Structure formats: structure tokens, C-alpha cells
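A quick note: this is a predicted structure, and the numbers were derived from the prediction, not measured.
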Amino acid sequence: MIDVSQWRASIGLWNYCQAASSRPANGHHSHSFKAAVDSKSGSTTSGEKTFKLPAALSLIALLLLLFLSLSLLRHILMIPPTGNCYQVQYTTGVTVTDTNYLQSVVLPGGSSSNLIYNDLCLIVCLRMLLLLSGDVELNPGPITDKELTKAAVMKIFDSSAHHYMLIGNGLNVNVSDLMPIPGAASTNLNFVFQRWFDADKDVNWDRLIKLCDDFLDKLGKAKSNLLEYIGQSIPDNVSSHTVLPLPVDDISNTPVTNIRGQSDVAKPISSIPDDVQGYADNMRQHYKHQPIVATDWPPRIGKHFFGRLALVEKQDSTTQAESAWHLLRGQVDKTVKLTENKEISVEDVLQPTDSSLSLRVVIDGPPGIGKTTLCRKLLNMWSNGPLVHQQYDLVLYCPLRNSKIATAATLADLFEYKSSKVSKVVDWLLDGDGEGLLIMFDGWDELSEQLRRSSLAASIIHRKQLHKCSVIVTSRSYASSSLLKMDTLSRHVQVIGFSEEEISTVIIQTLQKDAKLAQELIDKKREDDENEEPFTTTQSSKDSQLAVKLINDLEVRNDVQSLCYVPLVCSMVILVYCKEGGHLPTTLTQLYENFILQTIRRHVEIKPRHHTDPYTLGSLSSLPSQLAKPLQEMCQLAYTNLANTTMTFSSHQLQSLSEAVKEDYLGLMTRFTEYDEEKYQFLHLSIQEFLAAWWIANHEKKREEVFKDHFDNDHFRMCLRFVAGLTHLEHESYQQYFNKQQLDLQCKREPLFGFETCHLSYFYQNPEIRLSEYDHISSDDFDNVPILLVQLLYESQNTTLCQVLAQSINNHSLCLDRVSLSLFDWLCLSYCINNSNTTWNHLHLGVSNQSLSVFTAGITNNSLQTQCKRLEVWLDGPTDESIHKLLQPSLLYNIQECYCELILGQYVPCLVLLQFLNLPQLKILHLIMDDSTIPTVDNTYYTDKCTELEKCIEMNSTLQEMKIDLDGFQEITSTIISVIRGVTRNKTITSLTIDVGTPPPPPLPDGVIEQLLKDNNTLQALSLDIYAKHQISLNITPLTALVIGRWNNKLMKSSLLLHIKGLHCLILHDPYPPHLLFLSHPSLHTLTLPLDTAESAIELFTILQTNTTLKALSVEIKEERVYTSSMGTSLQDMLTQNQTLKYLEISSSYRDSIFGPEDIPSSFLSFLTTGLRHNTSLQQLSVSIPLNEEIRTFINVISQKNNLTELKVNFKPDQSLYSNCSYEKKEQIMIPLFYEQGLPAVTNMLQSHTTIRLLRIVCLYINYESSQPNWIELVQHLYETIFIHLSLEYIEIKVGIITPPLLEDTLKDQKKTLMDRHRKEQPHKTLPIVKID
């Protein structure tokens, strides 16, 4: 049977029919079926097709009858098969080597030598399928029965929200009015799809698929989401490529993918020599019969005995800030969030990429997570047939812990199993550059640093040898960073362990052997979680009760739960828990100590000659001599070989051990065969590390010396954690590691330019804190966070050292927002902070809900000796309950300043506000609540809480500054009213900001804002971006600063400005007559004013020619018509005559400055340059100017202005050059101008300007791929000038939508050299911050 839907999905195959169905005796076709295929769509209308349907069905019936008759005749004649050989793979997932492939697929009974019969039958079948499929181009039919709704498409495209401009343009939707405000991408995408649905043109699934296909590089993830949602995703065992059948005699020059390890050329099966095939068959048999899990101790748990797999997707610059995948440090408990990444199956590890190159796949994860087991699983899969996505002739497993493989000099050395065929296999592989070969290098972290840099394995991995072979490399996470920097990396896969739900499932299935009872427990656990109730059971089985108890204990002790993400450790926890009657260890050291004790007990129990009762063995330190001595010998063996990075041992290496040890090595080692030689290794590397630590801890004279010798050795990280747990780091010599002088872990933020500082200082006491993902700078200093020290502190449980470390942190300020932390790291940090006895000036946390739970559970110290003054926190997916947990510990009880951003959670805004406002010492509250869901609550309860919120604000006597930003909510009007009414009667709040974002809620009732301004006598700064239509009719208390947002209508804006007098700072989002502003507010110090006419601009600049009070001005040119000669002249005169203005910003429309900037006349640059030449007061200039040859004159003038210390320049198209030009044409002109005129001018300015501090260069018409050899030198010269500059602190270069590699890669290549030169030549100056965006 043929699945007609598969043929419809593979409609491109019809075009090949001319070759597959018209072959004469010589093997080549002489006629075509193209006309027959083309005629299927015809020119009939849909109506005609409807009326002709019965006739079509009759025709199909006749054709079926003819087909069956011919088939019966063929069987009667028993025509023998013959034909040519094909190797085929296409989208239905079939890979076939057969005769006359198309006929064998379509015809029931194989092939025939009767070409007339074959061709006729093929015509019949193809025609039947074409008729059944209808007109695929014109009438594709329904793709899915899923309803097309806005909610559905928002979910599908959520991960691509930052491409809302691209999506809108692709759907022919107007996007020109959507402003690229940080954090508004999802809202803007919502507008795009709403407009698409409203237009009701081409609103169907096909249109969305075509959109994704048109921009596959940017919307590839969205397409995957879409296909999965509508049920059209490609099955796991089906290739996504289409490969058509080809005759053997014409195969040499035809590209084929996914055959023999992503080969570029298809080869006949017979091309594999017999010796190679024979060796491969032997390896298949070996891999098939070796166990996937090598040992049975500790007991096996889980489905596959390895953790989940996550594909770490490569992210472009637009999603980098959200990205978030970590360079792990090798902690046993390490877990990873899947944000912006995709969980995959083991089959997908070797899925082909878009590149034609062979694969280079890096698989990393912590010890015990199952990396080796995953390799053995893949070997087993290959031994049972071709892998799903790739067909490899040979797979070699190369454990790098084996010294012969690690130091291999030739390819033959990598062959673990010797044979007389090896030399011929090697020759064949070398001749083909490794084509058809898959090598698994297992244990990159177990290589020495020298071998990681220079070895056969490294050469193959980096494509210096056997570049056509595919390679999998496994590594502990701390050692994989160098591999992840490879340009040719195909895929990064992390083995991330069990999910929280899987941990519970594994525990239940391990402890409860009755499958029915186990499933009932699993279902009950899921039900209790959904209802947010404690996990309980009514089952009388003791095993069930033990499982429930362990799961509940892990909920309380989530430090140990975080360890259970690792399968090996989860097994140990279950074992130890059961053996110890339901008690959990506190530290990792205690866990391993207990596990090893259980292992020795098991050894004694099965070896009765010891004459020792295993249940009398209480601890490792109190073992009887007949066990203590063998243990000590094994500990010394473990340490000696760990120091030499040796993980496997031959028999002669163990000769020095006593017979008692060699009996079975206390059950702590496992035996295996390698190169026909018997080898040994510890059950796991972490077991060897613990035993090595035991040896160190029990040698007092050398203990501190050994600790010091190995402190910076990555191989000893885990071992030193165990040493800390065994010794508690009590010796005073250990303090040197924690007493770091001036450890700078403060937040690194983008600096504020002058105008921003003037504006924000009126509203906020700490204007530099902007609660934005964009205000933090990626810095090399983030690696300074002493995670290893914190882990050592937790393991040692040494509270004195916690205080030592806390005192060494500069300004008692700790930023943990951009640091990659596991759950265990959060636990360790909470332990250290909890026992620091320190008042923290600033804690900045960036946490998920789960991390927050771990962190808050560790803050248990109820003494007031450990406090925090300022908390800055970013919460991902919060709930009312998690926010409550955050604010409960005494650490935060007396907090004075709180800056909190809540993203994508589920909570009631009113209740959240109440929780924060109940903090007794709170003076500053900035709260952003973004794109979250409001759970359903009882109306009466909600009304009561809003009333309580109003009263709470009214009675608050400490709060001075409140900023509430609500985005993506619908039903929040009641909350806003409660806040405003509460502030109306409050006596301490001096600054209030309310921003409702998009979409706006219903307008506020009349009188709410008017009452606020009338009754409140303490408010000085007010920023309102809310939907209000009513007019202010009363004279109100004077304010110092006012922001009127985009949602306020003109009536309210006019009445506000009319009745408020004496403002010093005014920020407007819409135009307003300048003369009225200065009439009402003659003492304005800071002003933002949009300009939409030349007349208003002339009026403003004329007023400012004689004004002496305004210090900071920002004007936004909203229309091109503003740029007239008269406007330029007035600007020139203003700059010449006004010598008191310090900060000036002249920008184009904010929307246009990011997307599709309007052109600026060259005359504007001349007026600006002339005015600046005579100005001596400006300290900051931000301006959009045309990019042309006159830019040099402008920059030369800037170079002479030592008073000008801050500069922002946005290069725009010159109106005289770009009128009526297409985007592509503008790009062609702008790119060389930027690199050959703009950047050299900036470089020259930096060389002569000795006081410039802050610099930002913007030019958005720069193509991602544009590059010329001479441009590289110009960019390099700019970077050299930046790093040797005497005063420059910060420079940002923003070009294009995606940062060009020319700028980004050149900086990466130069950065280390330039930083070293800077430190040498200017040791007392801070490194300049360079941001390429």
C-alpha cells in the first residue's frame, strides 16, 4: 500500500518520473511524463472540478480495474525481474537498494522485464495518485484540522517574537508604527497577528508555512513549532531531505545527502571492500553483545540509564541576552534550564545539519550523568541496523581514558579490537578521508592539557585529519569549552539528567516493584502536583510509603534533590536512604562516604571469609584493620593515578596491592577487557576522586600542601570538594583561599549618558538601576564569581570561612544576574550568605522559580546579623507563592530598596504589590510585571484585596519612591486605581511612576488623577503612561518633574500642562507648542519634546538662543519635513548663542531610527557643524546625521571640543543621494561609506580627542555578510585606538540587525592582545568597555 498523503507531501518526486518511467533497453529513457504530470492541474476552475468529481471517480475505478487485470496477467506469465540498481532516500523515509525502484514500490509483485507492461502500470498508478491528490499547487487541501487562532500562532512564534518586523512584512501587515521598546517584542508580535487576522487576507496555515520557508534562517524554530502543532512534523525516523533515485551508471556527479555519513556523493553498496565490511560486521557483533550499562552496582535506575538530552542551539545576537546556556564547572548535581533550547532524543544526536560537512558533535555533562552509557547506547543502535539519520560503514569507540588511545600516533592505534583486516580498513578510510566512519571519543576531560592541544584525537576532532568522518566527543562540562569554540561544531548536546518529575518516577519505580501500584503512585503524584497539594498515599505497601517519604523528604531537602538529577547519584541516594532507614545525608561527602560504606558492607556480605558482620561496620573511619588497610591502599592508588590523570589500570599496575585488596577490590572497582588485556577502573571517576580525597585527608603532614598544589587543577575540583567535606577546612591555612582582597563582584552596567542622568535623577534615587536586560554588560569579570570556593564552603559546613569570604567582597555587593548557576550552586550561595553575619549593600539575583525555591530554603538564619539593604531580582515564571517565599527570610525582612522584574509568571498583581509593600523598612520599590497570567480569583476577594492595597499604601510611612510597570495585562484597572488612590493620601511618597505598557486597559474613571494632584502635597515627580481621557480642571500642587506617556489623550495632556506650574523636568511623547511650555515653565532644566513641523522646531531653537536655564534637551524629529534650511539656521544660531546647554539630543523618530530610517538632507550636517564650531558648553551630543563625505568636517570639529565628553552619532542616509532608492540600493551605498568614511573618521577623532568618555556609533544599513580586505585593517585600527585611549570608558557600535562578523570576530581575535597592551601601558586605568551590538 502507498500512503497517498506521503505522495502528496513528496510531490516533487513527480518531476523525476520522466527518468524513472521511460527507460529503453539501454537503460536510458527516451520519453517524458512531464506533460502528463503538468496536465493534472489543468486550467479548470474549482467549480468545474466540483462538478467533474463523479466523472473523475469513475475514471479512477476504470484505471484500477485495468491495473488489476494487468497485474493478474503478469503473475500468470511469471515474468522474471530484472533492472538497474538504485540507492534511494526521500522524504517518506525509505532507503532502498532494489531493482526498478519506482515500479517495485508502486506495483504489487516486483519488477518485470516487460518494459511496456512496467511503464503502462507505472503510468496508471502515478495517474491514479495524481488524480486522488488533486491539484497540489492550486488546491492543496486542508493541512490540519487544528483551528487557526491568534493564541495558537502567538504560541508558535513566541520564540521568534524579536523578528516581529520581519513577520509583519512577510504577512503584508503594517508595522511602521510599532516601536522597538525593550521588552515589547511579544506585544508588537501580538499587534502583527491581530492585524493579519483583521485584514482577513490569506489567513491560513499554508501562508504561515510559506513565511517560515521564506526566512528559514530566522524562523526555523517557529516552523518546527508550527509543524508540531498542526501535526505535520517529520517523524523521528524520517529524513528531512529528499533524495531521488539515480541509475548506477550515472551516479558519479550527483549530490546525495544522508547516505554513508553525510557523504556528498552516493556510492554503490559494492564500493565497500569485503575486509572493511567484515571488520564492521565483527564490531557490530561486539557492540551488540556488550551491556549498555557496564556494571550492576550501584543498582540501575531510569529508562535508559542516562539523563535527558538537550540540544544547545546556536543563538544569534538578538537572542543572546535570553540565552542562557552555561559553561558548566563539573558539579555532580549540575542541571540546566531548557530556555531557548530543545530537548531531543538519542536518535537525533546524529541528525544531519544544513552544512555539507561531516558532523562534529560535542556531548557534555557532569560525572555520572550517563555520557559513556549514551555512547554505548548509540553503538548498540548501530549494531542493530543503520542509524535513523545516518548510515555509517564503521563506528569506532575510543575511550580517551585508555592511554594507548589518548597517545595514539596513527589511525590504526585507535582500533580497540585488533584484526588482520585493520590495516586494509585503515587504508580504505585514509583513501576516502574518513568518509563513512563515525568515531566516538569518550572522555575528553580525561586527557591532559597537552594532549587536548596536540594529539591524533584533537587533530581529527578539529578536521585536520579525516575531515569527512563524523565525530562524537563526550566530556565533563568544565573541559568542553574549547570544543564549543570550534567554527565547525555541528551540534552541542548536553546530558542534563532527570527532570524533577522523572526523579519522583524513578524513585517510585525503583522502590515499588509492583508495576500497578507504582503506576497508581505516579498518577497520584502528578495529580497532587497539579492541585498543589502534599504528596500522600493510601496504599498500605511499605515500599510505596517509603517512596512517598523519600520524595517528600527531597522536597524539603532540595539540596540532595538537586543531586538526584544525575542517574548515578540518584541511585546512590535511593540505596543509602533505604539502608539507613529513611535518612538523607547533608553533603555530597556524606553521601559518597555512606555509599562506599554500603559497598564495602556488600563486599563483606558476599565474601564470608572476612569473618565480619557487615552490620557492625558503622563508618569508614572505624573499619576493622582487615578492611581499613585494603581501603587505605586503594585510596593511595586512587590519589596517585588521579594526579597522573590515569583512570584505568592494568594488572601489573595493581601488583603492589595486597592480596586482600586484589580479591575483589572491596567492590569499588570493575574489571573489563581492552585490547585483549584485562583492565580495571573504579566504579566511576567520582568514586576514585572521593577515595583520593580520603587519602589526602588522612595524611595530616601533607594535607594542606597537597590541597594547595592541586587547587587550580581542573582534574581535582571534585576531589577538593570531598577534601573540604572530610576535613571541614578547619586548619587556619585554608583561610588564604577565602580571604580575597577586594573581590569585585558588583553589577557591571552600561553607563548613563548626560541627558539620561539629568532626566532619571529627577525621578529615581538610583537612576543607574534600570531593571533591563540591556543595562548589564557582558564582562570577563563574571568568571570571577568564586563558585568553587562557595561549593567548598558548603561541603565543609564551615561558618567561619563564610564570614571571611563575605568580608573580602568589595562593597558587600554581589551580582548573580549573569552568572551560570546550578541548583546546587544556589544552595551553596544561600548557605554562605545565611552564615555571613554581614549586612549586604546590594544583592542582584537572576533566578528561575526552581532556583528561587532552593535559594530561599537555604536562608534559615533568623538572627538579624545577616541583612540586605538593596535587592535587585529578576524572576522567571514566578507565582504568588514563590514571591511570598522570597520575602519571608529575615535576610530580606528589613530591606530598604527593592528592584524586581517578574517575567511570564502566574500571579495576581494586586497581591504581589501587597507582599512587597508589607516590608516594614521599604523606601524604594520598582516593580515590573511583564507578560504574565492572572489566575482566576473570586470577585469579592479581589475587591477586598484592592481595598487593602489602597489602605496599605495610604498608611505606609517609609516608602518614598514607587515605580509600577505593568505590561501584557488586561484586567488591572482596579489595581491601578487602588495604587493612585493610596498614593493620593500617602504622606511620604515623592516619586510615582505608573506605566501600563500594551495593550492599554480601559480608561481610568474621571477624577482619579485630578484628586491625586489636588490632595497630595508631597509628590514631586510624576510619570504617567496610562489610559486616561478626562480633563484636569483644577489648579494643582506644583510638581518638579513630569512625564506624560503615549496613552494619555491630548485633552488630558493639555489640561495637565495648563494647570501644573514651575516644572524643572518635562518629558513629552507628543508635540506641544514650545512657547506655551516655556510660558508655563520658565525654569525648565530638562526637556524632551517631539517636533513634527519645521515651524515648531524654529520656535523652540529661537527661544533657546536666549534661554539660560535649560541644561538638557532631547528633541525627536518625527517627520522629514522638519529638516528645512530655516530649521537648520535656527539650530545653528541656537548652538552659537546658547552657552549654558550641556546635553543635547537630536534624534529621528525612535521607530525609524531602528527600522527603515528616513533620509536626512546634507545641509542639516552643515548647519550643525557650523553651530558646534562656536559652541563651548555642550558636554554631550546625540545626533542623527547623513553619512557622506562631509562627515570628516563634522568629526574634525568634534575632535577640537574638549568640553564634549559624550557623543552618540546615528549615521543615516543622505537625502540627496537616496531619494526614491530601494532598501538594497541604500545598503550598497551606505556600507562602503560606513567602513571607508565613517569608521576612519571616528578613529581619527579618538586619536586627537583626549577627553571623550562615552561614545556610541549607530548605522543600521550594514549587511551582515559585507566585508572587504581593506576594511579589516580599518576595523583593527579602530580597536587599537580604543584600547590605548587615555580617557575612553565605553564605546558601543550598533550596526545592522545582526552584528557583522567583520566587527565581532575582529574584536575577538584582537581582544586579548589589546587588553594585555592596555594593562601594560595604562595599569591604573580601567579597561574600556567595548560593546558590538
Novice: With sequence neighbours left out, write down each residue that passes salt bridge (charged side-chain N to carboxylate O under 4.0 Å, His left out) with E756, or none if nothing qualifies.
Specialist: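 For E756 there are no salt bridge (charged side-chain N to carboxylate O under 4.0 Å, His left out) partners, ignoring immediate neighbours.
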Novice: Suppose we screen for salt bridge (charged side-chain N to carboxylate O under 4.0 Å, His left out). Which residues come up paired with E961, at least two apart in sequence or across chains?
Specialist: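 E961 satisfies salt bridge (charged side-chain N to carboxylate O under 4.0 Å, His left out) with no other residue.
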Novice: Using the test side chain to side chain contact (heavy atoms under 4.5 Å, CB included), find all partners of L1076 that sit at least two apart in sequence or belong to another chain.
Specialist: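 Y1072, P1073.
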Novice: Considering only heavy atoms from C-beta outward, does the side chain of I1195 approach that of N1244 to under 4.5 Å?
Specialist: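 A side-chain contact is absent here, since even the closest heavy-atom pair is not under 4.5 Å.
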Novice: For the side chain of H1085 and the backbone of L1110, is there at least one donor-acceptor N/O pair under 3.5 Å apart?
Specialist: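 Not a single qualifying donor-acceptor pair exists.
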Novice: Side-chain contact, heavy-atom cut-off 4.5 Å: L745 with C815?
Specialist: no
Novice: For the residue pair T1093 and S1096, confirm or rule out a side-chain donor-acceptor distance under 3.5 Å.
Specialist: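 Side-chain D/A pair, T1093 to S1096: present.
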Novice: With no hydrogens and no angle check, do the side chains of H1075 and E1099 hold a donor and an acceptor under 3.5 Å apart?
Specialist: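 Yes, because at least one side-chain N or O of H1075 sits under 3.5 Å from a partner of the opposite role on E1099.
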Novice: Locate the shortest heavy-atom distance separating C1259 from N1210; write the atom from each residue and the value.
Specialist: N-OD1, 4.5 Å
Novice: Any donor and acceptor pair, going by atom type alone, linking the side chain of H1081 with main-chain N or O of S1083 inside 3.5 Å?
Specialist: no
Novice: Under a 3.5 Å distance rule, please check whether N811 uses its side chain to pair with a backbone N or O of S813 as donor and acceptor.
Specialist: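 Checked: no pair found.
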Novice: List the atom of Y1235, the atom of L1274, and the distance in Å for their closest heavy-atom pair.
Specialist: O-CD1, 3.1 Å
Novice: Is the side chain of T1040 donor-acceptor paired with the backbone N or O of A1021 at a distance under 3.5 Å, no angle test?
Specialist: no
Novice: Would you compute the distance between atom CD1 of I1257 and atom CE of M1245 and round it to the nearest 0.5 angstrom?
Specialist: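 Here the interatomic distance stands at 6.0 Å.
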Novice: Consider side chain to side chain donor-acceptor pair (under 3.5 Å). Of Q896, Q765, K923, E897, which one does Q960 pass it with?
Specialist: Q765
Novice: Where do C747 and H842 come nearest, in terms of heavy atoms and distance?
Specialist: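 In this case the closest contact between C747 and H842 is SG-CE1, 4.1 Å.
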Novice: Given V1043 and L1024, is the side-chain contact (heavy atoms from CB on, under 4.5 Å) satisfied, shown in steps?
Specialist: CA-CA 6 Å; V1043 174; L1024 294 177; over 6 Å; no
Novice: Could you walk me through whether S991 and Q1020 satisfy the side-chain hydrogen bond (donor to acceptor under 3.5 Å, both in side chains) test, starting with their C-alpha distance in whole Å, then the side-chain angles of each, then the deciding distance to 0.1 Å, before giving a yes or no?
Specialist: CA-CA 6 Å; S991 175; Q1020 298 175 16; over 6 Å; no
Novice: Does the side chain of T1205 come under 3.5 Å of the side chain of N1203 through a donor N or O and an acceptor N or O?
Specialist: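 Side-chain D/A pair, T1205 to N1203: absent.
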Novice: Does the side chain of L1104 reach to within under 4.5 Å of the side chain of L1100, using non-hydrogen atoms?
Specialist: yes
Novice: Before you tell me yes or no, could you show the steps for L1068 and T1088 under side-chain contact (heavy atoms from CB on, under 4.5 Å), namely the whole-Å CA-CA distance, both residues' side-chain angles and the distance that decides it to 0.1 Å?
Specialist: CA-CA 6 Å; L1068 297 178; T1088 292; over 6 Å; no
Novice: Heavy atoms only: give me the nearest F1101-L1113 pair and the separation to one decimal.
Specialist: CE2-CD2, 4.5 Å
Novice: Name all residues meeting the side-chain hydrogen bond (donor to acceptor under 3.5 Å, both in side chains) criterion together with Q1247; count only those two or more places apart in sequence or in a different chain, and write none if there are none.
Specialist: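 With neighbours one apart ignored, the set is H1277.
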Novice: Check the side chains of S1023 and D1025 for a donor-acceptor pair under 3.5 angstrom, ignoring hydrogens and angles.
Specialist: no
Novice: I'd like to check the salt bridge (charged side-chain N to carboxylate O under 4.0 Å, His left out) partners of E1289; sequence neighbours left out, ordered by chain and number.
Specialist: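 Per chain and number, E1289 pairs via salt bridge (charged side-chain N to carboxylate O under 4.0 Å, His left out) with R1253.
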Novice: Give, for atom CG of L1079 and atom CG of L1077, the distance between the pair rounded to the nearest 0.5 Å.
Specialist: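 It comes to 9.5 Å.
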Novice: Under a 3.5 Å distance rule, please check whether N1138 uses its side chain to pair with a backbone N or O of M1134 as donor and acceptor.
Specialist: no
Novice: Under the ring pair (Phe, Tyr, Trp, His ring centres under 6.0 Å) rule, collect the residues that match up with F1234, sequence neighbours excluded.
Specialist: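 F1234: no ring pair (Phe, Tyr, Trp, His ring centres under 6.0 Å) contacts found.
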Novice: Could you list the residues that satisfy ring pair (Phe, Tyr, Trp, His ring centres under 6.0 Å) with H926, not counting sequence neighbours?
Specialist: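 In terms of ring pair (Phe, Tyr, Trp, His ring centres under 6.0 Å), with neighbours along the sequence ignored, H926 is linked to Y764, Y899.
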Novice: Go through the structure and list residues passing side chain to side chain contact (heavy atoms under 4.5 Å, CB included) with Q1139, not counting sequence neighbours.
Specialist: N1175, T1176, S1177
Novice: Does the T1281 side chain pair with the main chain of T1243, one donor and one acceptor, at a distance under 3.5 Å?
Specialist: no
Novice: Strictly distance-based, threshold 3.5 Å: is any side-chain N or O of H1318 a donor or acceptor partner for the main-chain N or O of K1325?
Specialist: yes
Novice: Taking all non-hydrogen atoms of both residues into account, name the closest pair between Q1105 and D1133 and its distance.
Specialist: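 Nearest pair, atom of Q1105 first, then D1133: NE2-CB, 3.5 Å.
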Novice: Looking only at the side chains, is there a donor atom on one of R870 and N766 sitting less than 3.5 Å from an acceptor on the other?
Specialist: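 Side-chain D/A pair, R870 to N766: present.
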Novice: Please test I1160 against I1185 for side-chain contact (heavy atoms from CB on, under 4.5 Å), starting from the C-alpha separation and ending with a verdict.
Specialist: CA-CA 7 Å; I1160 299 177; I1185 58 176; 5.8 Å; no
Novice: To the nearest 0.5 Å, what is the distance between NE2 (H759) and CG (L1066)?
Specialist: 10.0 Å
Novice: Look up atom CG in L1288 and atom CG in L1327, then write down how far apart they are to the nearest 0.5 Å.
Specialist: 11.5 Å
Novice: For E1292, give me all partners under side-chain hydrogen bond (donor to acceptor under 3.5 Å, both in side chains), at least two apart in sequence or on another chain.
Specialist: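 So E1292 forms a side-chain hydrogen bond (donor to acceptor under 3.5 Å, both in side chains) with R1256, Y1290.
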Novice: Any heavy-atom pair between the side chains of I1067 and C1065 that's under 4.5 Å?
Specialist: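 Yes; the side chains approach each other to less than 4.5 Å.
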Novice: Could you pull out the closest heavy-atom pair between P1328 and I1282, with the gap in Å?
Specialist: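 Where P1328 meets I1282 most closely, the heavy atoms are CG-O, 3.9 Å.
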Novice: Is there a donor-acceptor pair closer than 3.5 Å between any side-chain N or O of T988 and the backbone N or O of L959?
Specialist: yes
Novice: Among all residues two or more places apart in sequence or in another chain, which pass the side chain to side chain contact (heavy atoms under 4.5 Å, CB included) test with Q1180?
Specialist: F753, F755, Y1143, E1145, S1182, E1206, K1208
Novice: Determine whether a donor-acceptor pair (N or O, by modelled atom type, separation under 3.5 Å) exists between the side chain of S1130 and the backbone of M1127.
Specialist: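 Confirmed, S1130 side chain pairs with M1127 backbone.
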Novice: Decide side-chain contact (heavy atoms from CB on, under 4.5 Å) for I1146 and I1117; before the verdict, give the C-alpha distance in whole Å, the side-chain angles of both, and the deciding distance to 0.1 Å.
Specialist: CA-CA 7 Å; I1146 306 175; I1117 309 299; 4.2 Å; yes
Novice: Just checking, is any N or O donor in the side chain of T993 or D995 under 3.5 Å from an acceptor N or O on the other one?
Specialist: no
Novice: Who pairs with R1173 by salt bridge (charged side-chain N to carboxylate O under 4.0 Å, His left out), at least two apart in sequence or on another chain?
Specialist: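 So R1173 forms no salt bridge (charged side-chain N to carboxylate O under 4.0 Å, His left out) with any residue.
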Novice: Answer yes when E1304 and K1311 have at least one side-chain N-carboxylate O distance shorter than 4.0 Å, and no when they do not.
Specialist: no
Novice: Can you tell me if CZ on R749 sees more than 12 non-hydrogen neighbours from other groups inside 6.0 Å?
Specialist: yes
Novice: Could you tell me which residues satisfy side chain to side chain contact (heavy atoms under 4.5 Å, CB included) with N1202, sequence neighbours excluded, listed by chain and number?
Specialist: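 Scan of N1202 (side chain to side chain contact (heavy atoms under 4.5 Å, CB included), adjacent residues dropped) gives H1249, T1250, T1251.
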Novice: In the structure I gave you, are the side-chain heavy atoms of L1019 and I989 within less than 4.5 Å of one another anywhere?
Specialist: yes
Novice: Main chain of V1295, side chain of T1299: is a donor-acceptor contact present, judged purely on distance under 3.5 Å?
Specialist: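 Side chain of T1299 to backbone of V1295, a donor-acceptor pair under 3.5 Å: no, none is there.
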Novice: How many angstroms lie between NZ in K1142 and CG in L1144, if you round to the nearest 0.5 Å?
Specialist: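 CG of L1144 is found 14.5 Å from NZ of K1142.
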